[in-house]
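Position 1 is the first residue of the sequence; numbering continues from there. All ligand and atom numbering here is 1-based and tracks the order in the structure. Just so it is clear, the structure is predicted and the values come from calculations on it, not from any experiment.
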Amino acid sequence: MSYNNLLLQINDKTALITINRPDKLNALNHTTLVELKNVFEELKNNDEVYSVIITGSGEKAFVAGADIAELNKLNMIEGKKFAEFGQSVFNMIENFDKPVIAAVNGFALGGGCELALSCHFRIASENAKFGQPEVNLGIIPGYGGTQRLARLVGSGRAMEMILTGDMIDASEALKIGLVNKVFPLAELQSKVFEIAQKINSKGQQAIRLSVKAVKAVDKMNLNEGLDFEAVLFGLCCGTEDFKEGTSAFLEKRKPAFKNK
Ligand code: COA
């Protein structure tokens with residue numbers, strides 16, 4: 001499939017999606033959201049892809065938010081639909097069965113911060129800035145920010161970011177757990193690629209079931225989550241990779257996973 005506002009490169013089982021509207025700081029207009037949905041459909045069905053990285057084009061922005069020129073025209077009903085559509089795309093990313101990593105290379109504001117939050121984890125460059133500045137526009141975050149930010153960093157930190165609209169820098173984001181690691185901008189892509197390669201080298205059945213199990217934390221209470229974990233653990237024990245991984249350990253050799 002071809003895309004107008006996204007670049008898609010696949011190398012060594014890792015798909016790199018670059019949001020590509022640099023003159024608008026990669027703001028998410030409707031076309032870009034539709035393309036994001038389509039690219040995840042495409043990658044879901046591509047057995048050659050084990051993990052996905054999302055980044056922004058240029059050296060300034062990951063994504064500077066939803067497109068304010070489109071926002072400006074919405075009435076009440078359209079506003080609700082606008083939020084629901086963005087949420088559906090970000091839900092698809094959050095529920096994607098292969099790992100999705102945000103490589104945040106600059107401004108991640110509004111919908112950009114929410115896009116990063118829908119990824120399974122986030123790595124940032126030193127120049128990255130995070131914020132939910134929607135109140136400056138007379139709106140609230142609508143692509144999941146009120147829910148996912150509070151779940152990730154706690155309601156107090158989320159409240160402060162959402163109510164003040166202030167940006168935080170990469171070191172503050174690291175401190176509050178919004179990102180896992182910070183690298184110089186020039187190294188960001190290669191460092192995130194290294195992490196993806198490490199993930200790709202494992203048995204992919206176990207990787208995908210790990211994603212499913214950890215994401216259940218937002219959907220289940222502890223007892224339900226533990227039951228779910230035990231079921232997924234049992235499923236792993238039925239895979240060839242489980243036999244290979246445990247046998248390789250006992251035979252003191254490297255496992256040769258077949259992802260079966
Ligand atoms: N929607 C639409 N266009 C956007 C945008 C957005 N969210 N963010 C930036 N742009 C556009 C600007 O309008 C400008 O376009 P132009 O050159 O045609 O005028 C271009 O991107 C560059 O942005 P600019 O504001 O000139 O860059 P800057 O370095 O001075 O400021 C920001 C950078 C990120 C601080 C500023 O662009 C900003 O505040 N953006 C909006 C952030 C926001 O509120 N996001 C939440 C939306 S829900």
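Salt-bridge check for E41 with K37: failed, with every basic side-chain N at 4.0 Å or more from each acidic carboxylate O.
Among N26, N72, I68, the residue whose heavy atom lies closest to atom 1 (N) of ligand 1 is I68. Among D23, L25, N29, N136, the residue whose heavy atom lies closest to atom 9 (C) of ligand 1 is L25. Atom 3 (N) of ligand 1 has its nearest heavy-atom neighbour, among E70, M167, E114, K24, in K24. Considering each of G142, P22, P133, the one bringing a non-hydrogen atom nearest atom 44 (O) of ligand 1 is P133. Closest to atom 5 (C) of ligand 1 by heavy atom, among G131, G106, A27, A69, is A27.
In this structure, F85 has its ring center closer than 6.0 angstrom to the ring center of H30.
The minimum heavy-atom distance between N11 and Q197, with the atom names listed, is O-OE1, 4.4 Å.
Using cut-offs of 30° and 60° for the angle between ring planes, the Y143 and F90 rings count as perpendicular.
For atom 7 (N) of ligand 1, the nearest protein heavy atom is under 4.0 Å away. Within the 4.0 Å cut-off (strictly below), no protein heavy atom is located near atom 26 (O) of ligand 1. Under the 4.0 Å distance rule, the nearest protein heavy atom to atom 42 (C) of ligand 1 falls inside the cut-off. Under the 4.0 Å distance rule, the nearest protein heavy atom to atom 38 (C) of ligand 1 falls outside the cut-off. In this structure, atom 13 (O) of ligand 1 is not in close contact with the protein, since no protein heavy atom lies within 4.0 Å of it. Checking atom 19 (O) of ligand 1 against the protein gives no heavy-atom contact under 4.0 Å.
Rounding to the nearest 0.5 angstrom, the gap separating the CZ atom in F82 from the CG atom in L74 is 5.5 Å. How far OG of S210 is from CD of Q204: 10.0 Å, rounded to the nearest 0.5 Å. Of the inter-residue distances, the one linking T55 atom OG1 with N105 atom CG reads 3.5 Å to the nearest 0.5 angstrom.
Some N or O of A64 is nearer than 3.5 Å to an N or O of ligand 1, by distance alone.
By the 6.0 Å contact criterion, CD on Q189 is open, its count of non-hydrogen atoms from other residues, nucleotides or ligands being 12 or less.
Side-chain contact between K212 and F228: present, with at least one pair of heavy atoms (C-beta onward) separated by less than 4.5 Å.
Within the listing of ligand 1, atoms 34 (C), 42 (C) sit less than 4.0 angstrom from a heavy atom of L109.
Residue K60 places a heavy atom less than 4.0 Å from ligand 1.
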